[in-house]
Amino acid sequence: WMAVDNRSASGLGKALEDTVHHKLMSGGEVADIVAAVRWIKRQPWADPDRVGVWGWSGGGTFTVQLMSQSREFRAGIAVAGVYDFRYYDSVWAEHLLGLPKDNPDGYKAGAPATHAKNLHGRLFLVHGLADDNVHPQNAWRLTDELIAAKIPFDLMVYPRQGHGIRAPASYRHLMTAMLDFWERWLKGVNGER
């Protein structure tokens with residue numbers, strides 16, 4: 001596996017940070033990760049037909065963005081992601097995006113639900129129903145869009161679990177479900193190839 005830091009995660013300075021101001025989790029950040037994946041796919045040790053992406057919280061947001069704005073991933077797992085920043089913590093979202101009325105394009109571009117109709121690959125969407133950081137309303141917004149677009153996906157919810165899905169039984173269940181998903185969609189067992 002490989003972890004890729006995009007320009008806003010680099011901590012290399014304000015110049016890079018300014019490129020994402022009012023463009024949270026869209027544009028250049030998505031392009032950075034897609035460029036890294038395309039490089040990986042060109043390597044002799046990589047199987048370009050079996051590349052997956054996954055993330056938790058902001059990583060879940062990026063997972064859906066990447067699967068909706070590229071065709072590079074066969075499958076992805078998005079856990080506790082923000083799929084519409086209008087449904088997220090307004091102090092945090094407005095600090096980076098401004099007010100929704102002042103930056104509607106930024107909110108639209110940064111919302112994976114906006115691009116859900118373009119999702120490519122199989123998505124496993126996961127959310128804790130007691131998540132008080134990223135409210136489950138985000139997952140419902142995305143599922144509504146996927147259903148409207150007739151895109152099949154897998155969904156797992158964890159009752160009484162918050163953002164971290166920390167109860168030992170729930171966490172073990174999630175890790176097992178994730179491994180099973182990768183087996184089905186990246187190895188071709190019971191999944192399309």
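The basis for the numbers below is simple: all heavy atoms, side chains too, and nothing from hydrogens, waters or symmetry mates. In this text the structure is predicted, and so the values were computed from the model without any measurement. Here, residue 1 is the first one in the sequence, and each next residue gets the next number.
Looking at heavy atoms from C-beta onward, L142 lies in side-chain contact with L123 at the 4.5 angstrom threshold. Looking at heavy atoms from C-beta onward, F124 lies in side-chain contact with M178 at the 4.5 angstrom threshold. Using a 4.5 Å cut-off on side-chain heavy atoms (C-beta onward), F181 and V126 make no contact. The closest side-chain heavy-atom distance from V64 to L119 is below 4.5 Å. Counting heavy atoms from C-beta on, the side chains of V134 and H127 come closer than 4.5 Å. By the 4.5 Å heavy-atom criterion applied to side chains, H120 and R71 are counted as neighbours. Proximity of R141 to Y87: side-chain heavy atoms (C-beta onward) are separated by under 4.5 Å at one or more points. T63 places none of its side-chain heavy atoms less than 4.5 Å from the side chain of I77.
Contact between A78 and G60 at its shortest, heavy atoms only, is CB-O, 3.5 Å. Scanning all heavy atoms of the two residues, the minimum distance from H115 to Q65 falls at CD2-OE1, 3.2 Å. The shortest heavy-atom contact between T114 and K108 is OG1-O, 3.1 Å.
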Q: With ring pair (Phe, Tyr, Trp, His ring centres under 6.0 Å) as the test, would you mind laying out the steps for F85 and Y107 before giving the verdict?
A: CA-CA 6 Å; F85 281 98; Y107 276 84; 7.3 Å; no
Q.
Assess the residue pair V53 and M67 against the criterion (side-chain contact (heavy atoms from CB on, under 4.5 Å)); give the C-alpha distance rounded to whole Å, side-chain angles, the decisive distance to 0.1 Å, and a yes or no.
A. CA-CA 8 Å; V53 59; M67 293 179 71; 4.0 Å; yes
Q: Please lay out, stage by stage, how V34 and R38 fare under the test side-chain contact (heavy atoms from CB on, under 4.5 Å).
A: CA-CA 6 Å; V34 169; R38 288 180 177 152; 3.4 Å; yes
Q: Would you check, one step at a time, whether the test side-chain contact (heavy atoms from CB on, under 4.5 Å) holds for K187 with W182?
A: CA-CA 7 Å; K187 287 194 172 184; W182 292 134; over 6 Å; no
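Taking NE2 of H22 as the reference point, atom CG of N103 lies at 5.5 Å (rounded to 0.5 Å). For the atom pair CG of L186 and CZ of R50, the computed distance is 7.0 Å after rounding to the nearest 0.5 Å. Taking CZ of F73 as the start and CG of L66 as the end, the distance is 4.5 Å to the nearest 0.5 Å.
Ring geometry, W92 versus Y88: the interplanar angle exceeds 60°, so the pair is classed perpendicular (tilted spans 30 to 60°).
By the criterion of side-chain heavy atoms lying less than 4.5 angstrom apart, applied directly or through intervening Ile, Leu, Val, Met, Phe, Trp or Tyr residues, W185 is grouped together with M175 in one hydrophobic cluster.
Between K41 and E72 there is a salt bridge, since a side-chain N of the basic residue sits under 4.0 Å from a carboxylate O of the acidic one.
For the pair S68 (side chain) and P112 (backbone), a donor-acceptor distance under 3.5 Å is absent. At least one donor-acceptor pair under 3.5 Å links the side chain of N138 to the backbone N or O of D84. Between the N118 side chain and the Q69 main chain, no donor and acceptor come within less than 3.5 Å of each other.
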Solution key, residues 150-172 side-chain donor-acceptor pairs under 3.5 Å, sequence neighbours excluded:
{"from": "D154", "atom 1": "OD1", "to": "R122", "atom 2": "NH2", "distance (Å)": "3.3"}
{"from": "D154", "atom 1": "OD2", "to": "R122", "atom 2": "NE", "distance (Å)": "3.2"}
{"from": "Y158", "atom 1": "OH", "to": "H173", "atom 2": "ND1", "distance (Å)": "2.7"}
{"from": "Y158", "atom 1": "OH", "to": "L174", "atom 2": "N", "distance (Å)": "3.2"}
{"from": "Q161", "atom 1": "OE1", "to": "R166", "atom 2": "N", "distance (Å)": "3.2"}
{"from": "Q161", "atom 1": "OE1", "to": "A167", "atom 2": "N", "distance (Å)": "3.0"}
{"from": "H163", "atom 1": "ND1", "to": "D131", "atom 2": "OD1", "distance (Å)": "3.3"}
{"from": "H163", "atom 1": "ND1", "to": "D131", "atom 2": "OD2", "distance (Å)": "2.7"}
{"from": "H163", "atom 1": "NE2", "to": "S57", "atom 2": "OG", "distance (Å)": "2.9"}
{"from": "H163", "atom 1": "NE2", "to": "N133", "atom 2": "ND2", "distance (Å)": "3.4"}

